[in-house]
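See below for the structure under consideration.
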Amino acid sequence: MTTETNPAVQFTPERLVKAQEIIARYPAGKQKSALLPLLHLLQEQEGWTSPEGMDYVARMLDIQPIEVYEVATFYTMYHINPVGKHVIEYCRTGPCCLMGGEEVYDHLKQRLGIDTGQTTVDGQFTLKEVECLAACGMGPVFQVREKYYMHLTNERVDEIIDELSK
Amino acid sequence: MIDLRLLSRTTIYMEDVKPQLLKVTIDGIEVEVEPGTTILQAARKIGPEVAPPAMCYYQPLKASGGKCRACLVRVAAGSAKDPRPMPKLVASCLTAVQDGMIVENTTNPQVIDARNGIVEFLLLNHPLDCPVCDQAGECDLQNFAFDHGKVTTRYEEERRTFEKQDIGPYIQLHMTRCILCYRCVFTADQITNKRVHGVLGRGDASEIGTYIEKAIDNDFSGNVIDVCPVGALTDKTYRFKNRVWFSKPVDAHRDCPTCSGNVTLWYRGEDVIRVTARKNEWNEVTEFICNTCRFEKKKTSDWTIEGPTKISRSSVISANKYRADTVKPAFGQRLAAAEYKAIHDERDTSQLGIQQLAPERFAKVLPSALDPEP
Amino acid sequence: MATKILTEHINVPGIETFDVYRKQGGYTAVEKALKTMTPEAIVEEVKKAGVRGRGGAGFPMGMKWSFLAKPEGVPRYLVCNADESEPGTFKDHYLMKNIPHLLIEGMIVSSFALGANKSFIYVRGELMYVINILEKAIAEAKAKGFLGKNILGTGYDLELVVQPGGGAYICGEETALLESLEGKRGNPRNKPPFPAVKGLYQSPTVVNNVESIATAAWIVNNGGDAYAAVGIGRSTGTKLISASGHIRKPGVYEIELGLPVEDFLYADEWCGGIRPGHKFKALVAGGSSVPILPANLALTLANGEKRLMSYESLSDGGFATGTMLGSGGFIVFDETSCIVRNTWNFSRFYHHESCGQCSPCREGTGWMEKVLHRIEYGHGHQQDIDLLVDVAKKIEGNTICPLGDAAAWPVASAIRHFRDEFQWHIDNPSEATKPGAVYKGEMALV
Ligand SMILES: Cc1cc2nc3c(=O)[nH]c(=O)nc-3n(C[C@H](O)[C@H](O)[C@H](O)COP(=O)(O)O)c2cc1C
Ligand code: SF4
Ligand code: SF4
Ligand code: SF4
Ligand code: FES
Ligand code: FES
């Protein structure tokens, strides 16, 4: 276990309670199972999974920091770099493209003035390309945090961006 | 020198109660092994001609194997009880033998085909620059490619490349050469108390790294260099960027408070240019050594010399692969054509203090060994 | 009216709440199972039902359950696979979101049958809102005494944990899922040992799909024979089909297995036909991993008989003229779709989702994607088609897990049935790369 502590990142008291609940749901000695949920919790709080945050999670689970880095870089949901306020994750997979996804996403990029992987200069939006979101019949689809936006059209995209920009 | 692995096997044989032995036939050769033995180990028991190549499996490391798929073989009969063939090729490094199992390795065209495929896959994103690679001459991938690769590549896309990176004062990582065998990760997990490097990212974007800059430092970290089958992890203290075939390995030991102190010293002339753990004929470390022995004891006076090292079969130094009389014809032709150039060494050889083997033996593989002006 | 085993009550307002679900006959299976049945008897009913795993592989669920090792003093686990990430598949999402208690009821009776006291539902992390729905439903069920300690006074304890994934298709593969559940990278394990012997935390484990587990409640209530009476041959029961692509009515449908593909595609009760003004070109019948079929082969077998929505009929003809039911992701392509582009798209998916552990898949998926990309963007070479076939062949069967096969099949099958279209791209790069350009040569449109 690492000894250096970085007080900069710490769960809020409510999240700390939540984190402890999560850790407690696994059998004794299997607390590493809490890693993915705790990284979600970290990201919810910090906006991304910062190295300091990951080290904090490692200490909490009594594992090596590298075990956290290995996991965070494997899964696509974790932002290992800082992101904008709203991360728009649009589905680029076949069925969504059949429903006109490519045009809609082009419009989305134009509207925001950024390409995939970029963040708008005002820090409001980050665009991320993801694979099938299990909503193929309702495509094209994107997700912002927990919310799914489905049956996207250019007009609908504009409305959503307007809404989120408020 | 007594191979420790053989020693332990002998003791098993000497036990009063012999375990029920299993009979397995590999490429038509029958061998008897203890229950729990894998196909790969059984094949190794027969000998190098029959042993499948292994790029990720490493006997001393728990959980190793299964990843590179170089060792795939066909099981033509599962066991005496159930002689049906297995539907797919299996990883011989992980598949336990059954009594009456019949295995096809080099005698099966499907296996050879799959293996050629594996070489091609492993080389897709691999720099084809053995001439400037420290590992050349003792590289498992180079050997594997010699045996199974084609000269030309069908891959014309851009290759994945990485910058060389120092991880601590002793070890250099050149990720471009890594084949993601995970051996170094298992080593760090199993013989050091704190792993700081691992596999990051996913798919063909996976890489070995520390994520945030960290030095790998603990008493046994240097062993990752020895287990690495390619030139991805190398010894920064290797004093002359030397060609392994110009150096002379000698077994030596010292009284070391941390490890066994049993090592191989690599000499060039009078100088110890590097220290490594001893390896068995399968290129596997027999005893892991500490960093002090490896990185800091580079004077002959630090050591008690035992005598010349018995050269591992997979090293070019053994000349096994390169002597005309042992080389398979097709392979020899390929060597004579393109690939000789590939491992052609560009250094000036006139300064060689010692030539442990007569240069004629390298005439084919390395014209510069004879001709100082390449 | 066709039999509805899973979705009969799905449109009842408020069905996501415990009370409404209970009013519709919910949780009677838990009462029946825990109070009147032995675990062995439940396994026996599931075996009789002949229900096959709905996650893609179609392995008989009862048989899987009976393989579970039962060493003394070692906990056993049931893990529900709700990672649903196979392109074209969105049925588990639909089921969990709309009627979460059905899955929970299934989890309780299944866990009881397997002797598990702690069971997990591994949900893909993107579906965080569904995770919240499930957690709420679990809390309700617990408050009503259907979960927790001493359920309904029977002495049986069960705790359900909903685990989020982190965004990785490969975690749908059962051993990768277990690794992920242990807090690791989603690297599939080498098998054997199988999860039934060494699964979660090295303990005996059963992994089943959401839809599979959800059937358990109905089977307990109605008996295995009643379930087996639905469907056709060895394809018993009903199947949720996720329909997407160029059809009038995309969505999730519960069908009796054995329904003709043609009826499913054209009848108003289901897909409602190809979108107006267009023709049927190709079908991916069971999620992106299964071989693509041209329209004529999708509707009829090679011998001219109607093709049915069943495990056997869809795979009739092997890979030469058949495909697989897979996860039931029914993706329909009309004549405006470019097969090359779609193949590249799917190939990119597998490249992106390969865990990278074994060399054929790690390197081969990227290679195929790059070659397909080149062809699609007008830089293909004559030898590229054969190259793709060869690379696919060198991946298939040589990897640790079936993702390698899943990456190889779409490519191999697209070339098998639409080779001319690939050739056209290579021969006519300037034409083929015009916006919206599609191969118009000879092919069977329906
Ligand atoms: C790459 C890959 C992805 C898979 N994804 C899923 C999935 O998302 N959901 C699922 O239930 N099964 C998936 N499977 C199948 C599982 O490995 C496993 O067979 C299944 O969960 C068993 O449940 P069943 O027998 O009820 O179908 C996948 C398999 C592979 C190889
Ligand atoms: S790692 Fe081996 S194959 Fe690769 S360049 Fe070095 S010597 Fe050659
Ligand atoms: S660095 Fe070497 S030992 Fe480590 S994974 Fe790569 S090839 Fe294997
Ligand atoms: S086949 Fe692909 S996904 Fe499966 S273990 Fe190998 S690299 Fe990973
Ligand atoms: S393809 Fe976009 S949600 Fe499935
Ligand atoms: S040595 Fe067997 S798979 Fe690598």
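Lettering follows sequence order; numbering is per chain, from 1.
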- If you tally heavy-atom pairs under 4.5 Å between each of A/Ala134, A/Gly137, A/Ala135, A/Gly94 and chain C, the highest tally belongs to A/Ala134
- Query: Do C/Lys97 and A/Tyr148 have side-chain heavy atoms sitting under 4.5 Å apart?
  - Reply: no
- Task: Under 4.5 Å, counting heavy-atom pairs only, tell me which of C/Pro250, C/Ala168, C/Pro164 racks up the most with chain A.
- Result: C/Pro164
- Message: Under 4.5 Å from any heavy atom of chain A, what part of C/Glu86 do you find: side chain, backbone, both or neither?
- Response: backbone
- Item | Close contacts, residues 112-123 of chain A versus chain C, judged by heavy atoms under 4.5 Å | none
- Task: For the residue pair A/Leu36 and C/Ser180, establish whether any side-chain heavy-atom pair is separated by less than 4.5 Å.
- Result: yes
- Under a 4.5 Å heavy-atom cutoff, which of C/Glu159, C/Lys184, C/Glu182, C/Arg348 has the most pairs with chain A? C/Arg348
- Query: Considering only heavy atoms from C-beta outward, does the side chain of A/Arg92 approach that of C/Phe349 to under 4.5 Å?
  - Reply: no
- Message: For A/Cys136 versus C/Gly88, what's the shortest heavy-atom pair and its separation?
- Response: SG-N, 3.2 Å
- Message: Between A/Gln43 and chain C, with a heavy-atom cut-off of 4.5 Å, which part of the residue counts as in contact: side chain, backbone, both or neither?
- Response: neither
- Item | Heavy-atom contact with chain A under 4.5 Å, split by part of C/Asp334 | neither
- Task: May I ask you to name which of C/Arg124, C/Lys249, C/Arg275 has the most heavy-atom pairs under 4.5 Å with chain A?
- Result: C/Arg124
- Item | Any C/Ser337 side-chain heavy atom under 4.5 Å of A/Leu98 side chain | yes
- Is the closest side-chain heavy-atom distance between A/Glu44 and C/Met128 below 4.5 Å? no
- Heavy-atom distances under 4.5 Å only: say whether C/Ile247 touches chain A with side chain, backbone, both or neither. neither
- Message: Less than 4.5 Å to any heavy atom of chain A: does that hold for the side chain of C/Val252, its backbone, both, or neither?
- Response: neither
- Query: When you look at NZ of C/Lys198, are more than 12 heavy atoms from neighbouring residues, nucleotides or ligands closer to it than 6.0 Å?
  - Reply: no
- Neighbourhood of chain C inside residues 12-34 of chain A, taking heavy atoms under 4.5 Å as contact: A/Arg25, A/Tyr26, A/Pro27, A/Lys30, A/Lys32, A/Ser33
- Task: Could you check which of C/Glu126, C/Glu353, C/Glu84, C/Lys118 has the highest count of heavy-atom pairs closer than 4.5 Å to chain A?
- Result: C/Glu126
- If you check every heavy atom in residues 150-157 of chain A against those of chain C, which residues fall under 4.5 Å? none
- Item | Winner by heavy-atom pair count (cut-off under 4.5 Å) against chain A, out of C/Phe346, C/Tyr201, C/Trp344 | C/Tyr201
- Query: With side chains defined as the heavy atoms from C-beta onward, is the minimum distance between A/Cys97 and C/Asn345 less than 4.5 Å?
  - Reply: yes
- Which value, rounded to the nearest 0.5 Å, describes the distance between A/Thr93 atom OG1 and C/Asn342 atom CG? 10.5 Å
- A/Arg145 portion near chain C, given a 4.5 angstrom heavy-atom threshold: neither
- Message: With a 4.5 angstrom heavy-atom cut-off, is it the side chain or the backbone of C/Cys171 that approaches chain A, or both, or neither?
- Response: side chain
- Query: Using a heavy-atom distance cut-off of less than 4.5 Å, which residues of residues 67-83 of chain A contact chain C?
  - Reply: A/Glu70, A/Val71, A/Thr73, A/Phe74, A/Tyr75, A/Thr76, A/Met77, A/Tyr78
- Message: Heavy-atom pairs under 4.5 Å with chain A: which of C/Arg341, C/Lys91, C/Gln163, C/His93 has the most?
- Response: C/Gln163
- By a 4.5 Å heavy-atom criterion (distance strictly below it), what part of C/Phe120 contacts chain A: side chain, backbone, both, or neither? side chain
- Segment of C/Thr336 engaging chain A (4.5 angstrom heavy-atom cut-off): neither
